[in-house]
Every structure is written in structure tokens, then in C-alpha cells.
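Predicted model, so just to flag it, every value in this text is computed and none were measured.
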Amino acid sequence: MKIDMKKVGAWFDDRLALTPIFKYMTKKEVPQHEHSIWYYTGSSILLFLAIQIVTGIMLALYYKPTLEGANDSVGRIMTDLPLGWLVRSIHSWSATFMIAFVLTHLLAIWFTKSYRKPREATWMTGMMLLVVSMVFGFTGYLLPWDDLSLSATKVGTNIPNAIPVVGKWVTQFLRGGDDVTGDTLTRFFLFHVCILPLVIFAILAVHILLVQKEGMSVPLEAEVKKKKVPALPFWPNFILREVMIWLVLLGTLLTVALVFAPTLGPSADMMAPAPAGVKPEWYFLFLFQTLKIFPGNMGPVTGEFVAVVLILVAIVAIFFLPFIDTKPEGKKGRIINYLGVLGLIYAIVFSIWSLL
Amino acid sequence: MRIDNAYFTRRKFLNSILGGWLGTLAVTFVSPIVKFVWPPYKEPDEVKLAFADFAGMKPGEVKGFPWGAKPGLLKRAEDGSFIAFIGVCSHLDCNVSWMADKKKFFCACHEGWYDENGMNIAGPPPKPLRRLETSVEGEDFFVRKPGAGAKA
């Protein structure tokens with residue numbers, strides 16, 4: 001029997017109504033201008049997310065989220081399983097690349113002012129994705145269960161404690177008790193492989209839908225003067241360019257992962273003193289340094305409380321940026337640019353300072 | 001429909017009853033879930049150790065013991081008495097270490113220092129190390145939360 005593929009296609013289209021999506025894809029255009037390069041950061045994030053999903057599932061085949069088994073199972077993945085060390089290395093490095101591209105994506109949108117009306121919700125879902133990505137990194141950091149990851153998790157989960165009343169509940173929820181124990185490890189594994197993936201997919205779906213709905217943003221000058229910007233068809237021209245960038249990134253990732261594979265310390269001992277040189281992942285370093293410089297007590301409250309409140313205020317302000325910077329062509333837009341540069345300098349200087 | 005002199009309509013009345021009932025039902029479902037997610041484990045009120053393990057400590061020496069899931073630190077004072085601390089930094093919960101050469105407790109996470117009596121002296125710690133009470137009862141060595149008292 002000969003199968004008529006056209007008929008099969010029509011059968012699926014009849015039931016799933018895919019034609020409008022394909023039609024949209026062929027009609028979609030990507031504007032070309034001096035800031036177009038930043039459009040590629042979004043799809044690069046998706047590449048690293050896909051790599052995280054594949055390598056994450058591979059690691060989860062052998063990883064054991066228990067106090068007794070965690071460190072050993074990571075060791076087994078790295079030594080017994082064919083190319084296991086590389087799978088772990090790619091997972092760890094791809095996380096770094098992903099966060100780096102999320103931050104670049106955010107900064108590009110910050111300085112091109114693409115968050116302005118009507119893209120406020122796109123910006124806010126993007127901020128949520130940044131926070132979720134960082135929580136992914138934070139929960140993943142504990143899973144190898146060595147002494148560095150234990151201390152980093154103790155510090156990180158204790159930070160909400162600085163907030164009166166609700167903070168204690170948050171810390172207990174994260175830890176599964178008053179202390180970081182085997183229960184914390186199991187909980188973090190669950191967050192990392194089940195809850196956070198559900199959350200990131202839900203927010204990502206809205207984020208991408210909003211990007212399609214509002215279209216790609218164009219530079220301010222063009223928007224204000226209603227100038228027609230030259231454009232590239234999304235399919236196949238833009239996609240093919242993206243594929244080229246993906247191949248370069250994939251090659252870079254593999255090279256870095258091959259040469260700089262992460263190490264694994266001995267299994268964490270909950271009774272041992274914190275080791276010297278406790279450091280969180282690089283994208284938390286500036287917050288780590290911020291917490292370090294605040295003194296123990298500042299008047300009636302602890303320095304930690306002041307630091308946590310300042311950090312929270314900054315995050316909330318960035319989240320609501322589209323409502324603060326409502327007239328980007330005016331003076332406020334320039335102030336936002338200066339603040340962006342200042343914030344960047346602060347993050348870089350504090351990160352380097354924390355390594356000294 | 002509204003009965004004469006009534007404050008609300010029959011629909012509003014019935015909706016409130018139904019809504020209240022649904023809300024109560026939701027709470028009965030959610031509260032056990034919340035209780036399950038926030039576990040009941042607390043740190044101990046006291047731990048019993050063997051005195052023989054600590055009797056040989058010299059004045060100024062510090063030894064660790066498990067205080068629930070936290071490290072406890074036991075220091076022998078110059079007069080031979082014992083001082084017990086919870087070896088957890090008051091800043092952000094890292095385990096502290098005893099620096100015997102400097103006679104200070106040190107937290108490596110954010111460089112917090114405590115003197116030999118557990119007082120916070122430098123760095124970010126806002127409070128001293130938490131102290132525990134000790135007592136020798138026969139062959140047993142008890143470490144207790146202050147005010148927990150001996151069990152009868």
C-alpha cells in the first residue's frame with residue numbers, strides 16, 4: 001500500500017490546525033539594523049536550555065539525590081560511565097553560558113529600550129526567567145554535595161532569614177527544616193528536575209508568545225519617525241543565520257567543557273567547619289561580596305537585613321522598569337542608561353573584588 | 001429575590017454559604033499539605049554524650065560534638081570547666097572553625113571572627129555564637145539549651 005504523505009499531512013492539519021503557524025513563520029520578518037545582532041541572544045539561550053535538558057536527563061539517569069548516595073553517584077558518573085565526566089562538564093558549562101546569555105539579552109534590551117510599551121509584559125516575564133535560571137543554578141550547585149556546595153547552600157538558604165516574620169518560613173521551606181540536611185538535598189533535586197522545569201516552560205511559553213504578538217522591536221529613531229526598517233525573512237534566512245551561530249556556540253561550549261571540566265570535592269560533612277574559599281557560582285559573586293561588606297549591626301537592625309532589603313528593592317525596581325522609564329526618548333531614558341552602566345560596573349567590580 | 005427588609009438577596013446569601021463552605025473545604029485540604037511540606041524537625045533541647053570522651057581535654061582545647069544536624073563546639077576553660085557553643089556563624093549559618101593558634105573562632109564564608117568566649121569581634125557576624133549549658137551526671141555528659149533544665 002502506498003501512503004500518500006500529502007493526505008497524512010492534511011489529516012494532521014485538519015485536527016491540529018497547524019497551517020496558520022507555518023504561514024506565520026513564513027511571513028514573519030526580522031528587522032535589520034545596527035542592533036540586530038542582539039536578536040540572536042534569545043535563540044542562543046534556547047540552545048543552551050535544550051542542551052541543559054538533554055544533559056540533565058542523562059545525568060539524572062544515574063544521580064542519587066540522597067545524603068549517602070549523592071557525592072558517590074556524581075563520582076561514578078564522572079569515572080565509570082562512558083564520557084560521563086564530559087556530560088557533567090557540559091551541563092555545568094552550559095549553565096554558565098546560558099546565564100551569561102540571559103544577562104546579555106537583558107542588558108541589550110535595557111540599553112536599546114526595547115522594554116517600553118507595548119513590551120512591558122515581555123520584559124517582566126524575561127525578568128522572571130532570569131530569576132528562575134538563577135534558582136536553577138543555585139539548586140544545581142548543591143547536588144554534587146561536596147563541602148563547597150554545602151556551605152554555599154547554607155549561606156544562600158539563610159538569606160531569607162534576615163527578613164522578619166516570613167523569612168524564617170521561607171528558609172525552613174527551602175531547607176526542609178532548620179538546617180541544611182539530606183532532606184534539603186532531596187528537595188533541591190526535586191526543585192531542579194521537576195518544579196523549576198515546569199515553571200520555566202510556563203513562563204517561557206508566555207514570553208515567546210508575547211515576542212510573536214508584539215513583533216521584534218526596532219531602534220527608537222525608526223519607531224519614532226515611523227521609518228520602514230529593512231527586514232529579513234524569519235524562514236529560512238534568519239533561522240539559517242541562527243543555526244550558524246548555534247554551531248559556533250556549540251563548538252565553543254564543547255571546547256571549554258573538554259578543557260575545563262569541573263572537579264568534585266569529597267562528600268560534604270555537615271559537622272565540618274566551612275572550608276576556606278567558599279564561593280557561589282560566578283553570577284552570585286557580586287551579591288556574595290555585597291553581603292560581606294555590610295557590618296554585623298546597623299543601628300537597630302542587622303547589616304544583613306539592610307543588604308537583603310536593598311537587593312530586593314533593586315530586583316523589584318528592575319522588574320518594574322517599563323513603568324519607571326515611561327518616556328525613553330526623554331531625559332529619563334538617559335538616566336536609565338547611566339544606571340545600567342553603573343549597575344554593570346558595580347557587578348563587575350564586586351565580582352572581581354570577591355575573588356581577591 | 002429579596003425578602004422584605006432583608007439585607008441581601010437570596011442568591012447572595014446562598015452564594016456566600018456555598019463560597020464559605022468551599023473555602024473551608026480548601027483550607028482542610030491545604031493545611032495538611034502545608035504541614036507536610038514544612039517539616040516538624042527542630043534542633044534538640046539536649047544531647048547526651050559520654051563524659052569519657054571529653055574528660056581528657058586540656059584547658060584551652062576545643063572539641064566538636066553533634067548538636068542535632070549542627071556542629072557543637074566544646075571548649076575547656078582555664079579553670080577546667082566546659083563551655084559549649086553551637087558552631088554556627090550568626091551571620092549566614094556557615095560552620096565556624098576554632099583557630100587554636102589565634103584563640104579565635106573563624107567563619108570562612110564571609111570572614112567573621114569570634115573571640116575565645118564566642119563574642120563576635122570582627123567581620124559581619126551580628127551576634128555572638130550561641131552558648132549551651134553543660135553538666136556532668138555520672139558517666140554522662142549533657143549539653144543543653146540554656147534554661148532547658150535537667151530531665152527528671
Side-chain angles (χ1 to χ4, degrees), chain A residues 67 147-148 150-162 168-184 186-187 190 268-280 288-298 300-308 354, chain B residues 33-45 47 49 62-74 85-100 102 104-114 118-130 145:
Chain A
L67 189 60
D147 46 6
L148 276 180
L150 174 68
S151 291
T153 304
K154 284 186 117 190
V155 172
T157 52
N158 196 52
I159 288 169
N161 231 344
K168 196 171 184 266
W169 289 92
V170 178
T171 295
Q172 284 184 339
F173 170 72
L174 292 172
R175 290 179 174 179
D178 285 331
D179 295 295
V180 175
T181 59
D183 284 346
T184 318
T186 305
R187 210 164 262 236
L190 173 77
D269 177 1
M270 290 185 291
M271 296 297 157
V278 173
K279 292 262 182 319
F288 170 83
Q289 186 63 26
T290 308
L291 283 171
K292 208 161 159 175
I293 59 162
F294 274 82
N297 290 297
M298 298 177 78
V301 291
T302 61
E304 189 196 339
F305 173 73
V306 177
V308 171
S354 74
Chain B
I33 295 174
V34 168
K35 276 190 177 164
F36 184 90
V37 172
W38 273 269
Y41 310 129
K42 291 269 175 275
E43 65 171 60
D45 285 328
V47 294
L49 307 160
V62 171
K63 228 174 165 177
F65 66 93
W67 175 257
K70 294 185 173 82
L73 291 170
L74 190 69
F85 303 99
I86 296 176
V88 169
C89 184
S90 62
H91 178 227
L92 286 172
D93 240 16
C94 283
N95 296 348
V96 301
S97 53
W98 169 246
M99 307 294 241
K102 294 193 176 75
K104 280 173 192 157
F105 294 99
F106 173 62
C107 176
C109 281
H110 302 92
E111 283 158 49
W113 290 92
Y114 302 85
M119 299 305 291
N120 47 325
I121 46 172
K127 283 185 282 195
L129 291 176
R130 282 171 60 201
K145 266 187 184 169

**Asked** Above 12 or not: heavy atoms from other molecules or residues under 6.0 Å from CH2 of B/Trp38?
**Response** yes

**Complete:** dist A/Thr157:OG1 -> A/Arg187:CZ (nearest 0.5 Å) comes out at 11.5 Å

**Request:** Grab the two heavy atoms, one from A/Ser151 and one from A/Pro275, that are nearest each other, plus how far apart they are.
**Result:** OG-CD, 3.4 Å

**Prompt:** At what distance, to the nearest 0.5 angstrom, does CG of B/Asp93 lie from OG1 of A/Thr153?
**Reply:** 11.5 Å

**Request:** Please state whether the side chain, the backbone, both or neither of A/Thr181 comes within less than 4.5 Å of a heavy atom of chain B.
**Result:** side chain

**Asked** Going through the checks in order, is the ring-ring contact (aromatic ring centres under 6.0 Å, His included) test met by B/Phe105 and B/Phe85?
**Response** CA-CA 11 Å; B/Phe105 294 99; B/Phe85 303 99; 5.2 Å; yes

**Asked** Is the B/His110 ring parallel, tilted or perpendicular to the A/Phe288 ring (thresholds 30°, 60°)?
**Response** tilted

**Request:** Give, as side chain, backbone, both or neither, the part of A/Phe173 having an atom under 4.5 angstrom from any heavy atom of chain B.
**Result:** both

**Prompt:** Highest number of heavy-atom pairs under 4.5 Å with chain A: which of B/Ala122, B/Ala108, B/Ser97, B/Pro124?
**Reply:** B/Pro124

**Contact origin within B/Cys109 toward chain A - heavy atom pairs under 4.5 Å** = both

**Complete:** Honestly, the part of A/Leu291 sitting under 4.5 Å from a heavy atom of chain B is both

**Asked** Which of the residues B/Glu111, B/Lys127, B/Glu43, B/His91 is involved in the greatest number of heavy-atom pairs with chain A at under 4.5 angstrom?
**Response** B/His91

**Message:** Please classify the contact between B/Val37 and chain A as side chain, backbone, both or neither, with a heavy-atom cut-off of under 4.5 Å.
**Reply:** both

**Message:** Taking side chain as everything from C-beta outward and backbone as N, CA, C, O, which of these in A/Asp183 sits under 4.5 Å from a heavy atom of chain B? Side chain, backbone, both or neither.
**Reply:** side chain

**Item:** Interface moiety of A/Ile159 toward chain B, non-hydrogen atoms closer than 4.5 Å
**Value:** both

**Message:** Please report the interatomic distance CG(A/Asn158) to CD(A/Glu304), rounded to the nearest 0.5 Å.
**Reply:** 6.0 Å

**Asked** With a 4.5 angstrom heavy-atom cut-off, which part of A/Gln172 approaches chain B: side chain, backbone, both or neither?
**Response** both

**Prompt:** What residues form a side chain to side chain contact (heavy atoms under 4.5 Å, CB included) with B/Lys104, not counting sequence neighbours?
**Reply:** B/Lys102, B/Trp113, B/Ile121

**Item:** Residue A/Ala162 versus chain B: region with a heavy atom under 4.5 Å
**Value:** neither

**Request:** Below 4.5 Å from any heavy atom of chain A, which atoms of B/Pro125 appear? Answer side chain, backbone, both or neither.
**Result:** backbone

